[in-house]
A.B. asks: 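Starting off with a structure, shown below.
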There are 2 protein chains.
Amino acid sequence: MDPKINEINGYLVSIFNDVLMIEERTLQSSQFKDVSIKEMHTIDAIGMYQEHTTSEVAKKLGITVGTLTVSVNNLVRKEYVIRVRSETDRRVVKLALTKNGRLLYRLHDKFHRDMVRETLQEMSEEEAEVLMKGLLNLHSFLERTKEQLPE
Amino acid sequence: MDPKINEINGYLVSIFNDVLMIEERTLQSSQFKDVSIKEMHTIDAIGMYQEHTTSEVAKKLGITVGTLTVSVNNLVRKEYVIRVRSETDRRVVKLALTKNGRLLYRLHDKFHRDMVRETLQEMSEEEAEVLMKGLLNLHSFLERTKEQLPE
DNA sequence: TCTTTTTTGTTTGATTATCAAACTATTTGA
DNA sequence: TCAAATAGTTTGATAATCAAACAAAAAAGA
């Protein structure tokens with residue numbers, strides 16, 4: 001059992017690092033050089049389809065609202081994001097992507113989808129199911145762990 | 001095919017975020033409050049078992065040597081890491097963990113191993129093999145992508 | 001209705017993370 | 001021996017982060 005644990009753990013760690021590194025490098029060699037990987041994930045969290053408030057996005061990203069405000073300032077300056085004050089509750093700020101922001105969003109999404117598609121390519125239907133089950137197990141372990149976390 | 005891609009991609013993204021978040025929180029609520037998650041990964045890269053030079057560790061982490069020097073300054077001040085000048089080549093600095101650094105290393109390692117162990121718990125031997133194969137596929141896709149990367 | 005409390009977001013000060021470029025010390029090679 | 005290469009450090013600039021102080025608006029209480 002033990003050697004398998006080490007092996008799987010090793011793959012996970014190196015997958016994490018690779019994905020981050022590849023995303024970073026891909027951005028830097030694209031037309032979106034002025035966007036960091038953190039900013040990319042902020043853009044991803046803001047999303048294409050619904051409006052999200054500052055609080056919602058900060059929670060999704062696991063950062064404080066203050067941190068997000070600073071980051072959104074930069075993304076607004078670089079014209080990827082716009083702020084829209086809510087009409088019904090004027091304390092609330094809704095975040096949305098500009099045209100350019102949506103373009104970047106799709107590019108990033110495509111990278112992720114290609115990555116998974118390539119992975120599944122050499123696998124049978126049943127194997128893909130098992131991979132999914134493994135990821136589901138891992139995911140629910142982490143969700144349980146999160147709940148037990150001291151605040 | 002498409003819905004499966006989205007689902008797997010979703011799990012991966014959320015697994016990434018959860019692991020980072022849980023590691024961060026766990027550190028902050030332990031006796032190692034003065035260590036950030038980045039510093040934790042530096043400690044992990046330095047490792048328990050062999051001596052590694054500054055260049056080697058920087059390469060492993062994918063950061064510049066200058067960045068690592070700064071980080072190691074802090075870790076030395078906080079007494080997790082020591083620098084040892086090589087006897088044979090006095091330009092070279094070997095990095096090693098202090099007693100406290102090794103304690104932290106083991107704690108972090110245990111979290112990772114528990115995570116994987118829990119994941120495998122409900123899976124049969126064969127299913128674990130398939131999971132591993134999926135991760136291997138993903139891993140080799142990423143390695144290939146890395147090679148194609150400009151620079 | 002007026003006041004207090006709560007909620008939402010912004011600003012600020014401190015620390016860490018990061019790179020590129022200038023720099024120092026040492027080793028290697030011509 | 002002296003120039004070039006290598007290993008690491010320092011520095012200046014910028015981004016990422018938090019906690020705490022703050023401002024504006026809404027909700028609750030009286």
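So you know, we letter chains A, B, ... as the sequences are listed, proteins then strands, and number each from 1.
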A.B. asks: Considering just the side-chain nitrogens and oxygens of B:Lys94, establish if one lies under 4.0 Å of OP1 or OP2 belonging to D:dA7.
C.D. replies: no
A.B. asks: Among the nucleotides C:dA17, D:dC18, C:dG9, which one has an atom lying closest to any side-chain atom of A:Ile63?
C.D. replies: D:dC18
A.B. asks: Can you tell me if B:Ser86 and B:Thr88 form a side-chain donor-acceptor pair at under 3.5 Å?
C.D. replies: yes
A.B. asks: What is the distance, to the nearest angstrom, from the CG atom on B:Leu68 to the C1' atom on D:dT9?
C.D. replies: 11 Å
A.B. asks: What nucleic acid atoms does B:Val92 come within less than 4.0 Å of, heavy atoms only: base, sugar-phosphate, or nothing?
C.D. replies: sugar-phosphate
A.B. asks: Applying side chain to side chain donor-acceptor pair (under 3.5 Å), run through B:Asp34 and B:Tyr80 and close with a yes or a no.
C.D. replies: CA-CA 10 Å; B:Asp34 60 349; B:Tyr80 291 103; 2.8 Å; yes
A.B. asks: On DNA chain C, nearest-nucleotide positions of A:Val93 versus A:Val70: which is more 5'?
C.D. replies: A:Val93
A.B. asks: So, does B:Glu118 use its side chain to make a donor-acceptor pair with the main chain of B:Met115 at under 3.5 Å?
C.D. replies: no
A.B. asks: Ignoring hydrogens and geometry, is there a side-chain-to-backbone donor-acceptor pair from A:Arg83 to A:Leu95 under 3.5 Å?
C.D. replies: no
A.B. asks: How long is the line joining NZ of A:Lys59 and C1' of C:dT8, in whole Å?
C.D. replies: 15 Å
A.B. asks: Carefully, step by step, assess B:Asn9 and A:Arg117 under the rule side chain to side chain donor-acceptor pair (under 3.5 Å).
C.D. replies: CA-CA 9 Å; B:Asn9 187 37; A:Arg117 188 176 289 119; over 6 Å; no
A.B. asks: Taking only side-chain nitrogens and oxygens of B:Thr69, does any of them come within less than 4.0 Å of OP1 or OP2 of D:dG8?
C.D. replies: no
A.B. asks: What is the ring orientation for A:Tyr105 with A:Tyr49, classed by angle as parallel under 30°, tilted 30 to 60°, or perpendicular over 60°?
C.D. replies: perpendicular
A.B. asks: Look at B:Asn73 and D:dT10 and indicate whether a side-chain polar atom (N or O) is within less than 4.0 Å of OP1 or OP2.
C.D. replies: yes
A.B. asks: Salt bridge or not between A:Glu125 and B:Lys4? Use side-chain N to carboxylate O under 4.0 Å.
C.D. replies: yes
A.B. asks: Describe the nucleic acid contact of A:Thr54 in one word from base, sugar-phosphate, nothing, applying a heavy-atom distance below 4.0 Å.
C.D. replies: sugar-phosphate
A.B. asks: Do B:Met132 and B:Asn137 have side chains that get closer than 4.5 Å, going by heavy atoms?
C.D. replies: no
A.B. asks: How long is the line joining CG of A:Leu61 and P of D:dA15, in whole Å?
C.D. replies: 18 Å
A.B. asks: From CG of B:Leu95 over to C1' of D:dT9, roughly how many Å is that when rounded to an integer?
C.D. replies: 13 Å
A.B. asks: Just the rounded figure in Å: distance from P of C:dT16 to CG of B:Leu27.
C.D. replies: 14 Å
A.B. asks: Using a cut-off of strictly less than 4.0 Å, decide whether A:Ser36 has a side-chain nitrogen or oxygen near OP1 or OP2 of D:dA16.
C.D. replies: yes
A.B. asks: How would you label the contact of A:Ser71 with the nucleic acid (heavy atoms, under 4.0 Å): base, sugar-phosphate, or nothing?
C.D. replies: nothing
A.B. asks: Are OP1 or OP2 of D:dA16 and a side-chain N or O of B:Lys38 less than 4.0 angstrom apart?
C.D. replies: no
A.B. asks: Starting at CZ of B:Arg83 and ending at C1' of D:dT10, how long is that distance when rounded to a whole Å?
C.D. replies: 12 Å
A.B. asks: Reading nucleotides 23-30 of chain C from the 5' end, what letters show protein touch, with B for base, S for backbone sugar-phosphate only, - for no heavy atom under 4.0 Å?
C.D. replies: --BBS---
A.B. asks: Counting side-chain heavy atoms from C-beta on, which of C:dG9, C:dC19, C:dT16 comes nearest to B:Thr64?
C.D. replies: C:dC19
A.B. asks: Should B:Thr67 be listed as having a side-chain N or O under 4.0 Å from OP1 or OP2 of C:dA17?
C.D. replies: no
